[in-house]
Amino acid sequence: MITPTEAITLQEQLRTQVIATDALPHPIRTIAGTDVEYDKSTNLIAGSVVVLDYSTLSVLAVASHCMEVSFPYIPGLFSFREMPPLLEAYRQLTITPDLIICDGQGLAHHRRFGLACHLGVTLDIPVIGCGKTRLCGQYQDLGETRGSVAPLIAEEDQAVIGNALRTRDGINPVFVSIGHKISLPTATGIVLKMATQYRLPETTRLADHYARLALLEYKTGLNEPPVSI
DNA sequence: GCGACAG
DNA sequence: ATCTTGTCGC
């Protein structure tokens, strides 16, 4: 397996391939969400990709994959843990989404190469990073109402690496950043549009649901081996 | 050295 | 991520 040191070297190489401007189809017809679920006791990890119709939010396709965890959790090397099940799930899809919203950061990362960038560069499709909590960067003066935005500023060079975005009045913001082939304003607008009823975008909520389901199904399958004739 | 630290 | 019910507040 890849070592943490090798992973950092790979990030430094791949980061140069990130495209931080809009290169997505218009109009957008389909949007996918990805999420990963863990089972601490069995060391299993399940990744899911769910594709939605962009205008109706109806589910068009779902794919999941369960496997053993192959990389430890190290802040900054998170993508090496979640990429394997996500890539396998994505491979099973019969349709290619116009873009993906993944759970976790994109450029809002210490080396500017979070999961959203890694997934985007690897699949070569537009990806938005949307994390539930902050990894790095500082923000201030974020309004309390839905739609309020404050830039996420990197400590070291004051670069804008993402946005803190309030998707519901008085509720903790989400952290939006560029993954690949999309600009920050576009990414922020899309996340706000996808998060109407709840704090998280519908894509993430559905992917979370299907990943949890895949993990449960896989575990019950292990407990009930196939019957012999 | 100390604190921070996506899931 | 996960361990985990009720409870406080909009």
Side-chain angles (χ1 to χ4, degrees), chain A residues 4 7-8 11 14-15 18 33-49 64-87 89 100-122 127-139 143-146 148 152-156 161-180 184 187 191 195 197-201 203-216 218-219:
Chain A
I8 292 173
Q11 286 184 330
L14 294 178
R15 61 183 288 185
V18 170
T34 68
D35 194 20
V36 168
E37 199 77 16
Y38 296 89
D39 187 68
K40 194 183 175 184
S41 62
T42 57
N43 208 35
L44 290 173
I45 183 173
S48 285
V49 183
S64 303
H65 184 71
C66 195
M67 63 194 293
E68 285 205 358
V69 177
S70 60
F71 199 88
Y73 172 66
I74 302 170
L77 297 181
F78 176 57
S79 64
F80 293 88
R81 190 167 165 85
E82 298 211 342
M83 283 282 281
L86 289 179
L87 288 180
I100 293 175
I101 299 180
C102 75
D103 67 313
Q105 320 295 337
L107 291 184
H109 174 277
H110 303 103
R111 286 175 296 279
R112 309 288 184 273
F113 197 75
L115 173 62
C117 299
H118 201 159
L119 199 59
V121 165
T122 302
V127 177
I128 295 170
C130 179
K132 293 184 280 292
T133 59
R134 193 190 60 87
L135 171 61
C136 59
Q138 301 292 335
Y139 66 98
E144 288 299 318
T145 60
R146 168 179 160 83
S148 299
L152 192 59
I153 308 295
E155 295 87 340
E156 57 275 18
I161 55 177
N163 273 332
L165 168 67
R166 196 88 69 180
T167 54
R168 298 204 67 188
D169 293 356
I171 300 295
N172 288 158
V174 297
F175 298 86
V176 180
S177 59
I178 291 170
H180 189 51
L184 185 56
V191 170
Q197 228 166 335
Y198 302 95
R199 179 170 84 112
L200 299 179
T203 40
T204 302
R205 291 172 42 80
L206 284 166
D208 177 88
H209 173 259
Y210 287 113
R212 173 173 266 110
L213 201 63
L215 195 54
L216 285 174
Y218 190 89
K219 286 205 296 179

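Quick note: numbers below take in every heavy atom, side chains included, and nothing from hydrogens, waters or symmetry partners. To find a chain, count down the sequence lines: A is the first, B the second, and so on, and within it residues start at 1.
- In DNA chain C, no stem is built from 3 or more consecutive Watson-Crick or G-U wobble pairs with both distances under 3.5 Å.
- On the nucleic acid side, DNA chain C has its first and last nucleotide under 4.0 Å of a heavy atom of chain A at C/dA1 to C/dT2, going 5' to 3'.
- Taking the side-chain hydrogen bond (donor to acceptor under 3.5 Å, both in side chains) definition, one finds that A/D35 meets it with nothing, sequence neighbours left out.
- Protein chain A contacts DNA chain B over a range whose 5' and 3' limits, counting nucleotides with an atom under 4.0 angstrom from a non-hydrogen atom, are B/dA4 to B/dG7.
- When the salt bridge (Lys or Arg N to Asp or Glu O under 4.0 Å) test is applied to A/E37, the partners found at least two apart in sequence or on another chain are A/R212.
- Partners of A/R199 by salt bridge (Lys or Arg N to Asp or Glu O under 4.0 Å), not counting sequence neighbours: none found.
- Against DNA chain B, the stretch residues 72-82 of chain A makes heavy-atom approaches under 4.0 Å through A/Y73, A/P75, A/G76, A/L77, A/F78, A/R81.
- Taking A/T34 as the reference, nothing meets the side-chain hydrogen bond (donor to acceptor under 3.5 Å, both in side chains) condition, with sequence neighbours excluded.
- The salt bridge (Lys or Arg N to Asp or Glu O under 4.0 Å) search around A/R166 returns A/E144, not counting sequence neighbours.
- Residues passing the ring-ring contact (aromatic ring centres under 6.0 Å, His included) test with A/F113, sequence neighbours excluded: A/H118.
- In DNA chain B, consecutive stretches of 3 or more Watson-Crick or G-U wobble pairs with both distances under 3.5 Å do not occur.
- Listed by chain and residue number, nothing satisfies the salt bridge (Lys or Arg N to Asp or Glu O under 4.0 Å) test with A/E68 (two or more places apart in sequence, or in another chain).
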